[in-house]
Amino acid sequence: VYNGLAVALIGLAAGHVADRHRAHKAVALAGYGLSALCKPALLLAGGMWSWILVVVGLDRLGKGLRAAPRDAMISLATPRERLATAFGVHRALDTFGAFLGPLVAVALLFAFPGGYDVVWVASFAFAALGVATLALFVRQPRVEDAPAVAGASPRPAFAADASPRFGWLALGAFVLALATVSDGFAFLLLHQASGLPLGAFPLYYVAVSAVYMLAAIPVGRLADRHGWRTTAVGGYLCLLAAYAGLYAVSAGGPGLQVWVVLMLGLYYAGTEGVLIAIASSLLPAERRTRGLALLAAAVGLGKAASSVLFGWVLQRHGAPVAIAAFASLLPLATALIFVILRRIR
């Protein structure tokens, strides 16, 4: 639910509304607002896991609403030759928040032991500031001013495909997501090997976010200058290196833990913004949000299936078999995306 199902269910509809009514900002605001309201809702959920699941699902629905319109606004305001850098800047700022969030939560829990209500109230305050910033300082982009996309189909289509090239890109992204281990599983295995107390678990998110934050802008500039395809493939090779470290982490000590965290951060820096930049370059302005939503849905469904599959293999056969299986699939998926990116140029 957290990784992909909600994005796939609502993202396409949100993209259709944003494109049809030129309402990118309004749809993004609705998504950010819904996620903000979920913070105090967790207070009402208390310790009931069923209600917590409902609130988390609503929070992910908010992400499904906002992600594609937000990325479309960024791409519509950016020249094509700087798309990867622009998305790198966004990811760096977004990850800076993800870096600070767990640190603030840990600090609050140390100051107020068991004070999860304090954590959720503080989280809501920051979310409200973000919604206010979007409402007051971000303008709705003018789709008419966006440059045309070479080879784009003039046919209106809900799938928003600019050409068969975009369909190939979405397929490659789906297959790569199927071969990707969820961060939650990776951090769980790292934590079990470390012997650290349970309260230190959020620090893995902090560490990966720190690497991603520092690398996102330089990697984005590198991609714009030297090629999106090379950078994306390099990012997935970093993920394969992370899996190799994760396989041996129980016997490798702190050094391998640092290696896995570093490779995961570089993987995100080399792939997330770059793939969206490639997709944006293939999608006409009037259908860009729907196309980005379709790409997000493909990735989300792949991640959801991957999480179920990895969890099942992990429970039935143990961590080494599960990691080895996904590490074997990833080179095949990376080779596929390399061929696809070469084909669509």
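Treat the numbers as computed from the prediction; the structure is a model and nothing was measured.
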*CD of E81: more than 12 outside heavy atoms within 6.0 angstrom?*
yes
*Full working for side chain to side chain contact (heavy atoms under 4.5 Å, CB included) between L239 and T180*: CA-CA 8 Å; L239 181 60; T180 302; 4.0 Å; yes
*Using links of under 4.5 Å between side-chain heavy atoms of ILVMFWY residues, direct or through other members, which residues join L29 in one cluster?*
Y32, M73, V131, L134, V138
_Can you confirm whether F87 sits close enough to E272 that some side-chain heavy atom of one is under 4.5 Å from a side-chain heavy atom of the other?_
no
*Rounded to the nearest 0.5 Å, what separation is found between the CD1 atom of I337 and the CG atom of L332?*
13.5 Å
*Please assess V119 against L109 for the test side chain to side chain contact (heavy atoms under 4.5 Å, CB included), listing each intermediate value before the final yes or no.*
CA-CA 8 Å; V119 173; L109 289 176; 3.9 Å; yes
*Identify the two heavy atoms, one from A223 and one from A84, that lie closest to each other, and give their separation to 0.1 Å.*
CB-CB, 3.9 Å
*asked:* Is it the case that atom OH in Y205 sees more than 12 heavy atoms from other parts of the structure closer than 6.0 Å?
replied: yes
_Common cluster, L222/L262, ILVMFWY with side-chain heavy-atom separation under 4.5 Å_ = no
*What's the spacing between L275 CG and L292 CG if we round to 0.5 Å?*
11.5 Å
_From CG (L189) to OG (S194), nearest 0.5 Å_ = 11.0 Å
_If you apply the rule salt bridge (charged side-chain N to carboxylate O under 4.0 Å, His left out), what do you find for D71 with R91, and how did you get there?_
CA-CA 11 Å; D71 289 342; R91 266 48 180 181; 3.2 Å; yes
*asked:* When you group the ILVMFWY residues by side-chain heavy-atom contacts below 4.5 Å and let the links chain together, are L314 and V321 in the same group?
replied: yes
*Could you go step by step and tell me if W228 and L83 meet the side chain to side chain contact (heavy atoms under 4.5 Å, CB included) rule?*
CA-CA 10 Å; W228 295 340; L83 279 173; 4.2 Å; yes
*If every non-hydrogen atom of A135 is compared with every non-hydrogen atom of K25, which pair is closest and at what distance?*
O-NZ, 2.9 Å
*Determine whether more than 12 heavy atoms belonging to other residues, nucleotides or ligands lie under 6.0 Å from atom OH of Y247.*
no
*Kindly indicate, with the supporting measurements, whether the criterion side chain to side chain contact (heavy atoms under 4.5 Å, CB included) is fulfilled by L309 and L178.*
CA-CA 9 Å; L309 179 61; L178 275 177; over 6 Å; no
*Are there more than 12 heavy atoms of other residues, nucleotides or ligands under 6.0 Å from atom CH2 of W120?*
no
*Should V258 and V260 be regarded as members of a common hydrophobic cluster, given that ILVMFWY residues are connected when their side-chain heavy atoms come within less than 4.5 Å of each other, either directly or indirectly?*
no
*Nearest heavy-atom pair of K39 and D59: which atoms, and what distance?*
NZ-OD1, 3.9 Å
*Could you state whether V208 and Y236 fall into the same hydrophobic cluster, counting links through intermediate Ile, Leu, Val, Met, Phe, Trp or Tyr residues with side-chain heavy atoms under 4.5 angstrom apart?*
yes
*Mind checking whether F326 and Y243 have ring centres under 6.0 Å apart?*
no
*asked:* Counting only heavy atoms from other residues, nucleotides and ligands, does the tally under 6.0 Å from CZ of R229 exceed 12?
replied: yes
_Quick check on side chain to side chain contact (heavy atoms under 4.5 Å, CB included): which of R20, R22, H24 does T289 satisfy it with?_
H24
*Looking only at non-hydrogen atoms, find the nearest pair between V219 and T231 and report the distance.*
CG1-CG2, 3.6 Å
*asked:* Rounded to the nearest 0.5 Å, what separates atom NE2 in H317 from atom CD1 in I323?
replied: 14.5 Å
*Can you see which heavy atom on L12 is nearest to which on A293, and at what distance?*
CD2-C, 3.8 Å
_Inter-residue atom distance I276.CD1 - R70.CZ, 0.5 Å rounding_ = 7.0 Å
_F99 and F96 aromatic ring geometry - parallel, tilted or perpendicular at 30°/60° bounds_ = parallel
*So, W259 side chain and V249 main chain: donor-acceptor pair closer than 3.5 Å or not?*
no
*Inter-residue atom distance L283.CG - D19.CG, 0.5 Å rounding*: 9.0 Å
*In terms of the angle between their ring planes, are F310 and F185 parallel, tilted or perpendicular, with boundaries placed at 30° and 60°?*
tilted
_Ignoring hydrogens, what is the shortest heavy-atom contact between C38 and L58? Give both atom names and the distance._
SG-CB, 3.7 Å
